[in-house]
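One structure is given here, and the rest of the page talks about it.
Counting starts at 1 for both ligands and their atoms, in listed order.
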Amino acid sequence: MELDTIICNCRGVTAGMIKEAVEDGAKTLEEVQEKTGAGTVCGGCLSEVERLVEEFVAEGTNN
Ligand code: FES
């Protein structure tokens, strides 16, 4: 996964922005949505956003 890959086209949110949100303390899909706006328009990216949140949280990037 390239960090500059756009995950949410509606809001222009990249994988890197999701990672930053997790590093900033977000641990759930909802918290990442609040921080980035990802998945708050059409919802088409939600499963991918959720997958990445889980992946970044599991990596422990917010240490
Ligand atoms: S692509 Fe993310 S809300 Fe539409």
Side-chain angles (χ1 to χ4, degrees):
M1 174 64 66
E2 295 292 329
L3 291 180
D4 59 359
T5 301
I6 292 191
I7 306 302
C8 176
N9 281 308
C10 290
R11 300 296 300 267
V13 177
T14 63
M17 289 163 72
I18 294 170
K19 186 168 189 272
E20 271 171 30
V22 171
E23 285 170 350
D24 208 31
K27 292 182 177 58
T28 63
L29 172 63
E30 289 74 19
E31 287 169 355
V32 169
Q33 283 182 282
E34 266 175 43
K35 282 182 190 291
T36 66
T40 59
V41 185
C42 76
C45 60
L46 275 178
S47 60
E48 185 68 358
V49 174
E50 185 167 33
R51 195 185 66 75
L52 282 174
V53 171
E54 285 172 3
E55 189 177 309
F56 291 136
V57 168
E59 278 175 11
T61 48
N62 54 343
N63 289 332

By the definition side chain to side chain contact (heavy atoms under 4.5 Å, CB included), identify the one residue from Asp24, Val22, Val57, Val13 that meets it with Val32. Val22
When you compare the side chains of Arg11 and Thr40, does any donor N or O come within less than 3.5 Å of an acceptor on the partner? yes
Pair Glu54 + Arg51: basic N to acidic O under 4.0 Å: no
Which atoms from ligand 1 have a heavy atom of Gly43 less than 4.0 Å away? 3 (S), 4 (Fe)
Which ligand 1 atoms are under 4.0 Å away from a heavy-atom of Cys45? 1 (S), 2 (Fe), 3 (S)
Verify the distance test for Cys42 against atom 4 (Fe) of ligand 1: any N/O/S atom under 2.8 Å, yes or no. yes
For atom 1 (S) of ligand 1, the protein heavy atom that lies nearest, with its residue and separation: Asn9 N, 3.4 Å
In the single-linkage hydrophobic clustering (I, L, V, M, F, W, Y; side-chain heavy atoms under 4.5 Å), do Ile7 and Val41 co-cluster? no
Which ligand 1 atoms does Cys10 reach within 4.0 Å, using its non-hydrogen atoms? 1 (S), 3 (S), 4 (Fe)
Could you tell me whether Lys19 and Glu23 have a side-chain N and a carboxylate O separated by less than 4.0 Å? yes
Can you list the ligand 1 atoms lying under 4.0 Å from a non-hydrogen atom of Val41? 3 (S)
Do Val53 and Ile18 have side chains that get closer than 4.5 Å, going by heavy atoms? yes
What atoms of ligand 1 come within less than 4.0 Å of a heavy atom belonging to Gly39? 2 (Fe), 3 (S)
